[in-house]
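All ligand and atom numbering here is 1-based and tracks the order in the structure.
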Amino acid sequence: MIKLLRRKISLQLLSFYILFVIPVLLGGLGFYYFERNQLQQEAESADLGLVQAIALETETNLGRVSEIANSLATSDEARHLDFPQLQRTFANRASAHPDISLFFVHDPQGNMLTNYPYNPQPIGQNFAYREYFQEALKSDKPYVSDVRDSATLGITVVTVSRRITNEQGQIVGMLGINLSLEKMTANLNVVRQKMAKPGIVRIWVVDGNGKALANTEGVPPQTDLQERLPSLKLALKGESGNLITTEQGREWLNSYVPVQGSHWAVIVQRPTDVAFASINNFQTGLVIALVLLLLGASFFWFMLNRRVITPLSRLAQATSALTPDKPEGSMNSAVLAHERQRIDEIGNLVAAFVTMEANIHAHFEAIYQQLQEQLQILEAIMRSMEEGLLLESPDGKVVYANQRFCESMGLSHQEVVSEGSQALRVRLAELLVSPEAYNQAVLQAQTGGPRIFEFQVRGIYKGVGEYRPIRRDIRLRVFNVRDRNGQLIGRGKIYQDVTSQNEVERVKTNLLAVVSHELRTPLTAIKGYASGLLEQDVEWDEASRAYCLQQIVEEADRLAEMVTSLLEMSQVEAGTLKLSQGQYQLDSLVREAIQQSRTAYDQQRINIDLPAELPLVEVDGRRFRVVLRNLLENARKYGGEKALIEVKAALEPDNNNGQALLITVQDNGPGIPPDLTERIFERFYQVESGLERSSSGVGLGLAICRGLVAAHGGRIWAENRIDGQSGAVFHIWLPARLLQFPQRAANQPKIAVQ
Ligand code: ADP
């Protein structure tokens, strides 16, 4: 819940709103109760004030009438029962007090003596049974009666009575004044009329028996009101106050008060909805205010949500879709279409984001372009590297291989970097001369051993499927790739083909040792034989001397030949070799080469199988014989004494619709390791075998052969036999321009046959 609240600003605002509204509501409620009591008390006090005013008015009236009764009862005309004078006095008083309906005088026994304005003469009727008569006799104070019917007038009245005493204190009569209640009722009606809303206030004046005296409701006097007015009981007990009663489902506020100087009470009734109208108004006002507050706040929240929060979340939604890999326009999408129309702050914000998006895209585009350019440069560098480059993750997974590496492995980039690089592992196992040694060296390089080491492969690819089975020397350099913090993020391997480099090295290191050895051997032999012949004390027979001299000549020839070979080798390398070409029969060249050979051949084991109509070859005869002799000597030397050597030749079409000559020298010896058929033509390269260097040569023979043949414009290469037998096959290919066919040869006298 808290999470949701923290994520939604609308909910946060709602919470703040609730936190604001609850205290306001509670405050409003408290204020309402406080004010309501206040207003209720005010309304009750107002009604109480009204009822007190009416009671006071009634009391004053009664007091006034009692005063009149006092002054009349104590007047001389009353004491002397001077009726004519009394009549005049009564007339005077009556004119001043229209609510007095009757003045009358009884004798002490209750007989009517006189009254005004009806009967000035004594009429004799006895009223001794009247309560007011009995009560008035008891004291000198005027007595106010309850409501009653006036027998004299036939109306309902209230009587104020006072005894009359003479100078001796004897009771000579009783004075009575009847007050008409109509006047009181009229007064009450006037009061009611003056109220703001007539008709909704009831005023009652009730006597000590609970009978109606006067009221605004038209209830006849003397009607018993005890049932109707529950507050009457309290008022008649002399209490004053307010009481809320219910009458026919409507609540009434009763305000009651006793009338001093009598047993009467005044009661004012008002419906509570009128009496407390201000409370109701206040209540309604408060409810309306709160409802308006709630509505206003809800409307404010709704509008805030609609106009601010929702657009902001849409903006956030659109912004989250804003990534450099997506096309520009996320901010322009339909989601924000409405917001973009706006010209207020939200509209400005969206416009700013749209601009920002464009800037970001432009920025990323620029960076991307820059990156692409840099990548292309890097890629070009990698591609043009002579060396193969392999990058691996720390756990050994191939992550990158440059073009050179892929080409030399004969694999596509995909195959090299694909899952597990299985294809690469298989290919390496095929190519490596010694996979175990390679793996061990790599492991050592990765765990602190030498980072650079060399190994050999049986051959390399020049592209996918183009395998060249030529043994190569590869130098591997392993290096760690680290990030800026020095954290290992991968390993790199650089594979460099150092075959030619090694050859140069080999030439450098071997040249002196080999050559000095090869030169010294014949010299030593020559010196040995010559010294022997010069010995004075030794007698040499003819045959021995001839043998020694023969040996000296042969060794000298060998020496000369060695020096010539070296010279020629250096000339071949320097490109300064000058050929002295002539036309020769191949057959003769082969036989002379055999003759010149230092090795003795078993004639039975050399098979020269040349077609009869071979063209003449236009070559440097001496040098071509050197080539043939080297091949024949090698066949004898490496094929073994029992080797069967075959020399063949055949014409074959060349690329220019002419005919080329292919000369083949083959033996049935052990042959040449397939991946070394090329390397044996390198200078000083010798296949490792049990043969001692002294007996097997210096490793220059084939290099010179290649140099000489190439100087003629031909080619020489080696293979192993493919006819099911073992043995090496050397091919010399001479182009058509070096061939002279018989018909042309007839015109050419310069045939050098040696
Ligand atoms: P050298 O004979 O002085 O060692 P070469 O250049 O003539 O040097 O020959 C290079 C290598 O080629 C030899 O060491 C040998 O191992 C190999 N070779 C040459 N001819 C043959 C052959 N006919 N059969 C087997 N191996 C040969």
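Between Arg721 and Asp723, at least one side-chain N (NZ, or NE/NH1/NH2) sits under 4.0 Å from a carboxylate O, which counts as a salt bridge. Residues Glu568 and Arg622 are paired through a salt bridge, judged by an N-O separation under 4.0 Å between the basic side chain and the carboxylate.
Residue Gly699 places a heavy atom under 4.0 Å from ligand 1. The shortest heavy-atom distance from Gly639 to ligand 1 is not under 4.0 Å. Look at Cys705 and you'll find every heavy atom at least 4.0 Å from all atoms of ligand 1.
For the pair Glu618 and Tyr584, the minimum side-chain heavy-atom distance is 4.5 Å or more.
Proximity annotation for atom 20 (N) of ligand 1: of Val665, Val687, Leu632, Asn634, Asn634 comes nearest, heavy atoms only. Nearest-residue assignment for atom 25 (C) of ligand 1 (options Tyr638, Phe730, Phe681, Phe684; heavy-atom criterion): Tyr638.
For Ala703, no nitrogen or oxygen atom sits less than 3.5 Å from a nitrogen or oxygen atom of ligand 1, counting backbone and side chain alike. Close N/O approach between Gln686 and ligand 1 is found [any backbone or side-chain N/O within under 3.5 Å].
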For residues 481-495, which side-chain donor-acceptor pairs fall under 3.5 Å, sequence neighbours excluded?
| unit_1 | atom_1 | unit_2 | atom_2 | d |
| --- | --- | --- | --- | --- |
| Arg482 | NH1 | Gly486 | O | 3.2 |
| Asp483 | OD1 | Asn485 | N | 3.0 |
| Asp483 | OD1 | Gly486 | N | 3.1 |
| Asp483 | OD1 | Gln487 | N | 2.7 |
| Arg491 | NH1 | Pro394 | O | 3.3 |
| Lys493 | NZ | Glu392 | OE2 | 3.2 |
| Tyr495 | OH | Tyr438 | OH | 2.8 |

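The residue from Glu719, Lys648, Arg715 that alone fulfils the side chain to side chain donor-acceptor pair (under 3.5 Å) condition with His731 is Glu719.
Annotation: cation-pi geometry not satisfied between Arg506 and Phe684 (NZ/CZ under 6.0 angstrom from ring centroid, within 45° of ring axis).
For Glu633, no heavy-atom contact with ligand 1 is shorter than 4.0 Å. Using a 4.0 Å cut-off between heavy atoms, Asn630 makes no contact with ligand 1 at all.
Listed by atom number, the atoms of ligand 1 under 4.0 Å from Leu702 heavy atoms are 5 (P), 6 (O), 7 (O), 9 (O), 10 (C), 12 (O), 19 (C). Here is the list of ligand 1 atoms found below 4.0 Å of a heavy atom in Ala635: 23 (N). Using a 4.0 Å cut-off to heavy atoms of Tyr685, the atoms of ligand 1 that qualify are 10 (C), 11 (C). Distances below 4.0 Å separate heavy atoms of Ala728 from the following atoms of ligand 1: 22 (C), 23 (N), 24 (N). The ligand atoms of ligand 1 that sit less than 4.0 angstrom from a heavy atom of Gly671 are 25 (C).
Formation of a donor-acceptor pair under 3.5 Å by the Asn402 side chain with backbone atoms of Leu389 is found in this model.
Listed by chain and number, the residues in a salt bridge (charged side-chain N to carboxylate O under 4.0 Å, His left out) with Arg591 are Asp587 (sequence neighbours excluded).
Within a 6.0 Å radius of CZ in Phe479, more than 12 heavy atoms belonging to other residues, nucleotides or ligands are found.
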